[in-house]
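Read through the structure below, which is laid out as structure tokens, and then see the notes.
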Amino acid sequence: MPTTTTYSEEELVLLLKQQSKDAFDYLYKHYSAVLYGVINKVVYDEQTAQDVLQDVFVKIWHNILQFNPDKGRIYTWMINIARNAAIDKLRSKGEIMKGKIRTGDEVVYNLEKGLKTEQQTDTIGIREMVAGLAPEYQSIVNLAYFKGYTLDEISKTLDVPLGTVKTRMRRAMQMLKEHFER
């Protein structure tokens, strides 16, 4: 019977920084579905989303030395890489951002359809936490993280100064972080 290797986050990061192919295989096996879900929320086309996923793992492999565990978890770092890569892909194709973003309900349905039970619960929990924020924070977080808007696009969409959007986003992230730490 084959043994299944598991790594703590610290072990995984150390092995990835040593360019361990086994650790990278483990990373892909355990995180590709979640990263694909993030990408698929932004990118409309399934084939393009798969291409972006591959690019994301190449970026992770090449940039792992830049990861700083003091600034956050590897999971968060990878999600940001995936989200940014998906947005970059849309822009590089010259596509109109809003025309390629799926609605919230469609995203939740499609995301839950392809995720494990523990991942579905996590998705629902995050949305509930965001729903607990004040309306001015909710709208910014929803547009940025669930619909893929940039801060500049949020500013224009909500007709709010960019500085205000940045301040509200930072405060919303602080509140969500405090909620997670409880």
Side-chain angles (χ1 to χ4, degrees), residues 9-10 12-13 16-17 27 31 34-44 49 52-53 55-57 59-60 62-92 95-108 111-112 115 118-182:
E9 183 170 328
E10 295 80 18
L12 182 61
V13 169
L16 288 170
K17 287 184 176 188
L27 186 78
Y31 292 95
V34 173
L35 295 179
Y36 180 79
V38 169
I39 294 164
N40 202 29
K41 286 192 293 185
V42 177
V43 176
Y44 185 74
V52 171
L53 180 65
D55 293 342
V56 165
F57 275 97
K59 285 180 185 181
I60 291 168
H62 289 299
N63 296 316
I64 190 65
L65 293 175
Q66 295 175 5
F67 171 71
N68 182 351
D70 295 334
K71 291 185 177 181
R73 300 185 61 206
I74 191 163
Y75 176 78
T76 307
W77 182 72
M78 291 187 307
I79 293 232
N80 283 327
I81 290 173
R83 183 179 162 278
N84 291 340
I87 291 169
D88 290 347
K89 186 66 165 182
L90 287 178
R91 289 184 181 147
S92 72
E95 298 179 39
I96 298 171
M97 187 72 163
K98 292 177 187 172
K100 292 296 180 181
I101 296 174
R102 297 179 180 191
T103 64
D105 293 338
E106 182 184 0
V107 168
V108 171
L111 185 60
E112 288 178 351
L115 296 179
E118 63 193 21
Q119 293 167 329
Q120 290 177 15
T121 304
D122 183 57
T123 301
I124 294 167
I126 291 171
R127 285 197 179 275
E128 287 176 1
M129 281 187 266
V130 171
L133 296 174
E136 64 269 18
Y137 300 119
Q138 270 184 44
S139 59
I140 291 171
V141 172
N142 282 327
L143 289 172
Y145 288 96
F146 298 122
K147 295 191 177 183
Y149 284 40
T150 65
L151 294 177
D152 188 51
E153 290 168 334
I154 293 169
S155 172
K156 291 174 184 168
T157 300
L158 298 178
D159 195 28
V160 174
L162 181 59
T164 303
V165 171
K166 289 179 180 181
T167 300
R168 288 179 183 172
M169 178 61 83
R170 186 172 28 258
R171 181 63 188 130
M173 293 299 106
Q174 289 170 342
M175 288 188 285
L176 290 171
K177 181 181 177 188
E178 289 168 7
H179 184 73
F180 274 119
E181 291 176 344
R182 284 187 223 160

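All residue numbers in this chain count up from 1 along the given sequence.
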Would you compute the distance between atom [atom1] of [X] and atom [atom2] of [Y] and round it to the nearest 0.5 angstrom?
| X | Y | atom1 | atom2 | value |
| --- | --- | --- | --- | --- |
| M175 | R168 | CE | CZ | 10.5 Å |
| F57 | L27 | CZ | CG | 5.0 Å |
| I60 | I74 | CD1 | CD1 | 7.0 Å |
| L143 | L151 | CG | CG | 10.5 Å |
| T167 | M169 | OG1 | CE | 11.5 Å |

For the residue pair [X] and [Y], what are the closest heavy atoms and their distance?
| X | Y | value |
| --- | --- | --- |
| V43 | A86 | CG2-CB, 3.6 Å |
| T150 | E153 | N-OE1, 2.9 Å |
| L53 | Y36 | CD1-N, 3.9 Å |
| Y75 | Y31 | CD1-CE2, 3.6 Å |
| P161 | S155 | C-OG, 3.7 Å |

Quiz item: Is any NZ, NE, NH1 or NH2 atom of the basic residue among D55 and K59 found under 4.0 Å from an Asp or Glu carboxylate oxygen of the other?
Solution: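 Salt bridge between D55 and K59, a charged N being under 4.0 Å from a carboxylate O: no.
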Practice problem: Starting from the C-alpha separation in whole Å, work towards a yes-or-no answer on side-chain contact (heavy atoms from CB on, under 4.5 Å) for V141 and M173. | Solution: CA-CA 8 Å; V141 172; M173 293 299 106; 3.8 Å; yes
Quiz item: Is any side-chain heavy atom of V56 less than 4.5 Å from a side-chain heavy atom of V38?
Solution: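 Of all side-chain heavy-atom pairs linking V38 with V56, none is under 4.5 Å.
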Quiz item: Heavy atoms, side chains only, cut-off 4.5 Å: are L16 and F67 in contact?
Solution: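 With C-beta onward as the side chain, the pair stays apart.
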Quiz prompt | Test log, rule side-chain contact (heavy atoms from CB on, under 4.5 Å), inputs L133 and L176 | solution = CA-CA 8 Å; L133 296 174; L176 290 171; 4.3 Å; yes
Exercise. Carefully, step by step, assess V160 and E136 under the rule side-chain contact (heavy atoms from CB on, under 4.5 Å).
Key: CA-CA 10 Å; V160 174; E136 64 269 18; over 6 Å; no
Quiz item: Under the side-chain contact (heavy atoms from CB on, under 4.5 Å) test, which residues partner S139, sequence neighbours left out?
Solution: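 Applying side-chain contact (heavy atoms from CB on, under 4.5 Å) to S139 gives L158.
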Sequence neighbours excluded and cut-off under 3.5 Å, please list the side-chain donor-acceptor pairs for residues 76-83, or say none.
unit_1: N80; atom_1: ND2; unit_2: T76; atom_2: O; d: 3.4
unit_1: R83; atom_1: NE; unit_2: A144; atom_2: O; d: 3.1
unit_1: R83; atom_1: NH2; unit_2: A144; atom_2: O; d: 2.9
unit_1: R83; atom_1: NH2; unit_2: Y149; atom_2: O; d: 3.2

